[in-house]
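First comes the structure, then the notes that go with it.
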Amino acid sequence: MIDTAATTEKLNKFEKFKAEKDGLAVKNEIEQFAQIGWEAMDENDLNHRLKWLGVFFRPVTPGKFMMRMRIPNGILTSNQLSVLAEVLQRYGEDGSADITTRQNIQLRGIKIQDIPNIFNKFHKVGLTTIQSGMDNIRNITGDPVAGLDINELYDTRELVQQIQDMLTNNGEGNPEFSNLPRKFNIAITGGRDNSVHAEINDLAFIPAFLTNQEQIPVFGFNVIVGGLFSAKRCETAIPLNVWVLPADVVSLSKVIVEIFRDHGLRANRQKARLIWLLDEWGIEKFRTEVEKRFGKSLLPAAAKDEINWEKRDHLGIYKQKQAGFNYAGLNIPVGRLSAHDMLEIARLAEVYGSGEIRFTVEQNVIIPNIPDGSLTQFCTEGILEKFAVNPGLLMGSLVSCTGAQFCNFALIETKNRALEMIKSLESELTLSRPVRIHWTGCPNSCGQTQVADIGLMGTKVRKNGQMLEGVDIYMGGTVGKDAHLGTCVQKGIPCEDLQPILRDLLIDNFGAKIKEQALIPL
Ligand code: SRM
Ligand code: SF4
């Protein structure tokens, strides 16, 4: 039931086309679209409704679509990754993939006539793209080392899968949740280092112990709500003052998404995320409604949570909780992969691990379950020269959104520029610690500028009468325990002038030193 107060407000154009025809309806029309071709499609089906199937028309590369998967907790099998690679292979140079900042993967270069066949392939190996874009719930993130980490408090894998299955009807599409006022992000963390950036999600579960009547600490989660980045507003999530047992996480998620669906604000798309409803209602009223729908009283939050570590990047080789086994974290520069790269990663996972592959929100890959005895051989694999386990301290922490190469919101090119810039900074400087540099092509902040040590947000800049690509610089974002958002410290730097500014920031704030050979005059 959608709030009548909200529906009587003037509907924005997105609400109008959603009311005319539900986004999920195109699931039954995809064969027809494949036959008539994208040029003959209805504009709203093409530009918007296809996103309910995870298929994105790219105005920058018309006819070459992007497909966004759902990879719960960032975990997939080598067989699944190989299927994704095989899909891309037929598109030659156009076929590429990007690991995303939500532990997910997107495929590029897809032709609409192939999509029904691609869906069949996905279905056979248990992959889905359903409801991964527009006003739906995004990929649900969890600890990338869940089930592997010696120090984890809770293995989030099953919970993440259960929430996805509940919200998407086991990946088939769920009309119950196909008309939200806006996107909705969910994260669950069972480790101590907040590896999912819990605080920037609309709903997140954070590990916390509550002492019961027998004075025994019981494991559960504190719940936080309303985190977001958007061009209009950026906030960290606020406590709902609720603590739940793991067994209640799925039903509590359902209730909260239902409230957002039924009461979220729909008049102004810029003010439709959960935080705006929380503003309007206040957290107390929201909590009361959650409790009412949940059907039993909710316990108040535990006084302290268990996020008490610095965030780990998982790059390198680490012992698992399973004796004799290790996981290897590989750096995938700016998350970009070719079909060949994907097949190579799948092969590594099969030959050395258990055939499992994981993605991180830093757009990197983890291969788990490598026996001690195979490590030496693993480290000799040629692909590790491209995807290093011990990358440079800047390259290893680099994150970038899609940018102008494929995204029509972008104000600047990001990924390629980010790579070049880091290579040249690493050739000039010696660092003694990783510095997290995040690029984002516009204020939507898909590249999470505000969580970075140095965040670069695309903008347009006027210089000598010319309009150029530039950035606003953010600093002070912290992750892990006591995470807080960075703020803008310098505005409107033309990208062509950025390199020396970054070099000085790295020297002044992060202890970087000019390499000796860089000091020798030519
Ligand atoms: Fe994003 C829209 C890419 C994570 C905030 N985002 C878009 C679109 C779909 C715009 C479009 O149609 O072109 C971009 C697709 C470009 C392309 O071709 O790849 C896009 N967002 C991405 C990805 C791929 C960036 C990346 O390189 O990793 C990430 C995909 C995640 C996924 O697997 O689902 C991605 N986007 C994020 C995040 C980060 C996060 O979730 O932690 C954010 C900020 C957090 C948040 O949402 O609160 C984010 N994206 C946005 C927004 C602003 C949302 C808002 O409330 O205004 C938009 C624009 C919108 O929704 O209207 C947007
Ligand atoms: Fe596109 Fe902007 Fe998101 Fe980058 S931040 S992917 S440019 S919408």
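Counting starts at 1 for both ligands and their atoms, following the listed order.
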From OG (Ser78) to CD1 (Ile367), nearest 0.5 Å: 9.5 Å
Mind checking whether Asn139 has an N or O less than 3.5 Å away from an N or O of ligand 1? no
Among all protein heavy atoms in this structure, tell me which lies nearest to atom 1 (Fe) of ligand 2, with the distance rounded to 0.1 Å. Cys407 SG, 2.3 Å
Between Asp42 and Arg49, is the closest basic N to carboxylate O distance under 4.0 Å? yes
Sub-4.0 Å heavy-atom approach of Gly447 to ligand 2: no
Compute whether any side-chain donor of one residue and acceptor of the other, for Thr156 and Asn73, lie under 3.5 angstrom apart. yes
Ligand 2 to Phe409, heavy atom cutoff 4.0 Å, flagged ligand atoms 8 (S)
Any N/O of Gln448 closer than 3.5 Å to an N/O of ligand 1? yes
Are Cys234 and ligand 1 in contact, using a heavy-atom cut-off of under 4.0 Å? no
Which of the atoms in ligand 1, numbered in the order shown and given with their element, are less than 4.0 Å from a heavy-atom of Ser400? 27 (O)
Nearest non-hydrogen protein atom to atom 57 (O) of ligand 1, with distance, is Ser230 CB, 3.1 Å
List ligand 1 atoms under 4.0 Å from Arg138, heavy atoms only on the residue side. 34 (O)
Salt-bridge test for Asp202 and Lys183: reply yes if a basic N is under 4.0 Å from a carboxylate O, no otherwise. no
Winner among Cys446, Ser445, Gly133, Gly447 once heavy atoms are compared against atom 50 (N) of ligand 1: Cys446
Can you sort out which atoms of ligand 1 are near Phe56, meaning under 4.0 Å from one of its heavy atoms? 9 (C)
Can Arg233 be said to sit on top of Trp276's aromatic six-ring, NZ or CZ under 6.0 Å from centre and within 45° of the ring axis? yes
Can a salt bridge be assigned to the pair Arg436 and Asp453 using a cut-off of 4.0 Å between side-chain N and carboxylate O? yes
Under 3.5 Å, N or O to N or O, is Thr402 touching ligand 1 that way? yes
Contact region, Asn201 to ligand 1, non-hydrogen atoms below 4.0 Å, reads neither
Is the Tyr154 to Phe221 ring centre distance short of 6.0 Å? yes
For Glu469, is there an ion pair with Arg417 - N to carboxylate O distance below 4.0 angstrom? yes
Between the side chains of Gln405 and Arg336, is a donor N or O closer than 3.5 angstrom to an acceptor N or O? yes
Is there a donor-acceptor contact under 3.5 Å linking the side chains of Asn179 and Arg266? yes
Looking only at protein heavy atoms, which one is nearest to atom 2 (Fe) of ligand 2, and how far off is it? Cys442 SG, 2.3 Å
Would Arg108 count as a contact residue for ligand 1, given that I'm defining contact as a non-hydrogen atom of the residue lying under 4.0 Å from a ligand atom? yes
CG on Leu107 to CZ on Phe122, rounded to 0.5 Å: 5.0 Å
shortest atom 3 (C) of ligand 1-to-protein heavy-atom contact is with Arg68 NH2, 3.6 Å
Within this structure, what is the CG-CZ distance for the pair Leu277 and Arg182, rounded to the nearest 0.5 Å? 15.0 Å
Nitrogen or oxygen atoms of Thr101 and ligand 1 under 3.5 Å apart: yes
Proximity of Ser445 to ligand 2 by residue part, where a heavy atom lies under 4.0 Å: backbone
Minimum non-hydrogen distance to atom 59 (C) of ligand 1, winning option of Ile275, Asn408, Asn444: Asn444
Just heavy atoms, cut-off under 4.0 Å: does Gln363 contact ligand 1 by side chain, backbone, both, or neither? side chain
With a 4.5 Å limit on heavy-atom distance, are the side chains of Gln164 and Thr128 in contact? yes
Out of all atoms in ligand 1, which are within 4.0 Å of some heavy atom of Ile200? Include the element for each. 42 (O)
Protein heavy atom at shortest distance from atom 54 (C) of ligand 1: Arg273 NH1, 3.5 Å
Ala410 heavy atoms within 4.0 Å reach ligand 2 at atoms 7 (S)
Is Asp98 near ligand 1, meaning one of its heavy atoms is under 4.0 Å from it? no
Could you identify the single nearest non-hydrogen protein atom to atom 3 (Fe) of ligand 2 and state the distance to 0.1 Å? Cys446 SG, 2.3 Å
Donor-acceptor pair between Asn194 and Glu199 side chains, under 3.5 angstrom: yes
closest protein heavy atom to atom 5 (S) of ligand 2 is Thr440 OG1, 3.2 Å
Nearest protein heavy atom to atom 33 (O) of ligand 1, by residue and atom, and its distance? Thr100 OG1, 2.8 Å
Pair Thr189-Asp143, side-chain donor/acceptor within less than 3.5 Å: yes
Hey, is atom 4 (Fe) of ligand 2 within less than 2.8 Å of some N/O/S atom on Cys401? yes
Between Asp279 and Lys271, is there a side-chain N and carboxylate O pair less than 4.0 Å apart? no
Before accepting this row, confirm whether a basic side-chain N of the pair Asp135/Arg269 lies closer than 4.0 Å to the acidic partner's carboxylate O. yes
With a 6.0 Å cut-off on the ring centroids, do Phe65 and Phe57 count as close? yes
Show which atoms of ligand 1 fall inside a sub-4.0 Å distance from at least one heavy-atom site of Asn104. 32 (C), 33 (O)
Candidate list Asn136, Asn169, Asp22, Thr168, test side-chain hydrogen bond (donor to acceptor under 3.5 Å, both in side chains), partner Ser178, passing option: Asp22
If you scan protein heavy atoms around atom 24 (C) of ligand 1, the nearest is Gln106 OE1, 3.2 Å
Look at atom 62 (O) of ligand 1 and find which of Lys183, Arg269, Arg182 reaches it with the closest heavy atom. Arg182
Atom indices of ligand 1, in the order listed, that fall short of 4.0 Å to a heavy atom of Cys401: 26 (C), 27 (O)
Using distance alone, decide if ligand 1 has a nitrogen or oxygen within less than 3.5 Å of any nitrogen or oxygen in Ser132. no
Given Phe229, Phe184, Phe409, identify the one with the heavy atom nearest to atom 44 (C) of ligand 1. Phe229
Ranking Arg102, Met66, His197 by closest non-hydrogen atom to atom 41 (O) of ligand 1, top hit is Arg102
Numbered atoms of ligand 1 (with element) below 4.0 Å of Cys407, judged on heavy atoms: 13 (O), 16 (C)
Just by distance, no angles: are the side chains of Asp341 and Ser338 close enough, under 3.5 Å, to form a donor-acceptor pair? yes
Does the residue Lys51 have a heavy-atom contact with ligand 1, meaning some pair of atoms that are separated by less than 4.0 Å? yes
Out of Gln450, His48, Arg58, whose heavy atom is nearest to atom 16 (C) of ligand 1? Arg58
Using a strict cut-off of less than 4.0 Å between a Lys/Arg side-chain nitrogen and an Asp/Glu carboxylate oxygen, indicate whether Lys254 and Glu258 qualify as a salt bridge. yes
